[in-house]
Amino acid sequence: MGRIRRRFLTTELCLYVGFLLADARCLYGLGTALKYAGILLCVAYAFSNAPHAVFAALFLTAAADLFLLVLNCWLALGVTLFIAVQALYAIHIARDTRRTYEIRAALVLAFWIVLWCLGICTSLNMLAGIYFPQLLCNAALSRKTDKCLALGLVLFIACDICVGLWNLPAVPEPLHVLAGTGMWVFYFPSQVLIALTTVENPEKS
């Protein structure tokens, strides 16, 4: 393992343990700062290795997290940025066909129908209904070409499932707490794994 990669992973691990301990002690301001520092470090690491579509995706991810995590405002803009993130991952994976485009569109329609049936068809949820199917498809398409990216996207999915549970009304309190913790337990390592995919030659990192 290269020196830069080792330092990157060590720092991210320290930030990971740090925000878990901060959240456990209800030091949420500190926890948020440590989480966002880790996301920004992923962007810097990706840029230092190979500034391509994945770097751009991580950069937009950091912008989305600024609205959704740090500022907790302009949520629709944050989700829209995440849609752009998935579009960049799709470009990077480069395995879409007419058939996969049809599947992507059908999944969006299916999600919107479910939202309508549940009576939660808000503009924000509609945007989420565009975003989440793209994430699912990208994870499936990357499985055979980039296992590190695929694993990162699977953890991304796990995070978003937790986000969905956390935002659902009438969720039992223990599940609500578990989902709130699970968001970042899965999300943080997902971004680290995705950042690692930007290393074209690990021996030099």
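In this text, all values refer to a predicted model and were calculated from it rather than measured experimentally. Position 1 is the first residue of the sequence, and the numbers go up from there.
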Within the 4.5 Å heavy-atom criterion, are Leu153 and Ser190 side-chain neighbours or not?
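No, every pair of side-chain atoms sits at 4.5 Å or beyond.
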Original post:
Under a 4.5 Å cut-off applied to non-hydrogen side-chain atoms, are Arg143 and Val154 in contact?
Top reply: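 No, their side chains stay 4.5 Å or more apart.
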Does CZ in Phe188 sit with more than 12 non-hydrogen atoms of other residues, nucleotides or ligands closer than 6.0 Å?
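Result for CZ/Phe188: enclosed.
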Side-chain donor/acceptor of [X] to backbone N/O of [Y], under 3.5 Å:
X	Y	value
His92	Val54	no
Trp112	Gly129	no
Thr181	Val177	yes
Asn138	Tyr89	no

message = Please tell me whether Ile194 and Leu13 are part of a single hydrophobic cluster in this structure, the criterion being side-chain heavy atoms less than 4.5 Å apart.
response = no
### Message
Tell me whether Val43 shares a hydrophobic cluster with Leu71, the cluster being built from Ile, Leu, Val, Met, Phe, Trp, Tyr side chains joined at under 4.5 Å.
### Response
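Yes, it is one cluster - the side chains of Val43 and Leu71 are joined through contacts under 4.5 Å.
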Exercise for review: Could you walk me through whether Tyr187 and Phe156 pass the ring-ring contact (aromatic ring centres under 6.0 Å, His included) test, one step at a time?
Suggested key: CA-CA 6 Å; Tyr187 181 64; Phe156 214 145; 5.4 Å; yes
Between the CD atom in Gln86 and the CD1 atom in Ile130, the distance rounded to the nearest 0.5 Å is 12.5 Å
- prompt: Quick one: CD1 on Ile83 to OH on Tyr131, what's the gap to the nearest 0.5 Å?
  reply: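 Here the interatomic distance stands at 9.5 Å.
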Note to self: Salt bridge or not between Asp96 and Arg104? Use side-chain N to carboxylate O under 4.0 Å.
What the structure shows: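 Looking at Asp96 and Arg104, the cut-off is met.
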* To do: Look at the aromatic rings of Trp184 and Phe19 and report parallel, tilted or perpendicular, splitting at 30° and 60°.
  =>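 Correct class here is perpendicular.
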Determine whether the side chains of Ser142 and Asp146 contain a donor N or O and an acceptor N or O closer than 3.5 Å.
no
